[in-house]
Structure formats: structure tokens, C-alpha cells
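Just below is one structure, and these are the notes that go with it.
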Amino acid sequence: PLGGFPHYGLVREDYLLLKGCVVGPKKRVITLRKPLFEQTQRDAVEETTLKFIDTSSKFGHGRFQTVEEKDKFMGMRKKKIAA
């Protein structure tokens with residue numbers, strides 16, 4: 001997210017968000033593999049259509065979806081003038 005993850009910070013590389021919980025420390029390496037048995041449950045087989053991904057942080061200063069949207073709203077700032 002634009003404001004970073006709470007208690008983790010900004011992630012500049014590609015990442016995968018997991019639903020639920022993963023045991024261990026926050027930055028633990030997780031190995032993903034194919035399932036041993038084919039999924040037959042309705043929820044697992046159902047096709048998903050993705051409409052929108054909310055990239056704003058839910059904690060702190062995560063109000064904007066993109067950096068351009070934030071710059072447009074905030075206008076000219078000292079940091080931009082000095083650069």
C-alpha cells in the first residue's frame with residue numbers, strides 16, 4: 001500500500017498478500033507449493049473476477065491510491081521544491 005504496511009514499512013518489490021495467519025515472525029520466508037489433492041469445494045473451484053485493489057493503507061497516512069493522486073491533492077511542497 002501507498003502508506004506502507006503497519007509495523008513493517010514500505011515494500012518496493014512484488015509481494016503476495018495471504019488471507020488468514022502465518023505462524024512465526026513477520027518477515028519469515030514462506031514456501032508456496034501446488035496442492036497435493038485437487039480442490040473440489042465450490043468456493044475453491046469458483047471463478048473470481050477482480051474489480052478493484054485498494055492500495056491505500058488502513059493505518060496512518062493511507063488516504064490515497066497513487067503517488068500522483070497524493071501530489072495532485074497536496075499541491076507543491078517543500079520537498080518537491082528543493083529537489
Side-chain angles (χ1 to χ4, degrees):
L2 187 60
F5 288 102
H7 308 293
Y8 190 91
L10 292 174
V11 178
R12 299 191 197 297
E13 302 295 327
D14 293 339
Y15 62 91
L16 180 70
L17 211 55
L18 299 175
K19 182 179 180 180
C21 63
V22 177
V23 180
K26 295 176 206 165
K27 298 184 181 185
R28 169 168 284 174
V29 176
I30 301 168
T31 303
L32 300 175
R33 64 174 176 78
K34 295 265 188 188
L36 296 174
F37 301 102
E38 193 66 35
Q39 293 287 329
T40 57
Q41 294 177 346
R42 186 176 198 161
D43 292 340
V45 179
E46 186 177 319
E47 189 66 34
T48 307
T49 55
L50 190 60
K51 294 181 182 178
F52 177 72
I53 299 175
D54 187 8
T55 58
S56 65
S57 177
K58 301 297 176 252
F59 297 88
H61 307 290
R63 185 168 145 188
F64 306 102
Q65 297 293 322
T66 62
V67 176
E68 292 81 25
E69 183 182 344
K70 182 178 178 182
D71 289 341
K72 182 180 174 186
F73 179 82
M74 298 294 235
M76 198 60 107
R77 295 185 307 226
K78 265 188 185 179
K79 197 185 291 185
K80 294 283 182 183
I81 294 171

Problem - Pairing residues for V23 by the side chain to side chain contact (heavy atoms under 4.5 Å, CB included) criterion, not counting sequence neighbours - result: none

Problem - Remaining members of hydrophobic cluster (4.5 Å side-chain criterion), V45 - result: none

Problem - Single-linkage hydrophobic cluster, 4.5 Å side-chain cutoff, V22 and L32 together - result: yes

Handout entry: Spacing of T49 atom OG1 and E47 atom CD [to the nearest 0.5 Å]
Key = 8.0 Å

Fill in the blank from the handout: Contacts of F73 meeting ring-ring contact (aromatic ring centres under 6.0 Å, His included) (sequence neighbours excluded), chain-then-number -> F64

Practice task
Could you pull out all residues at least two apart from L36 that satisfy side chain to side chain contact (heavy atoms under 4.5 Å, CB included)?
Solution key: R33

Handout entry: Any residue meeting side chain to side chain contact (heavy atoms under 4.5 Å, CB included) with L50, in chain and number order, not counting sequence neighbours
Key = I53

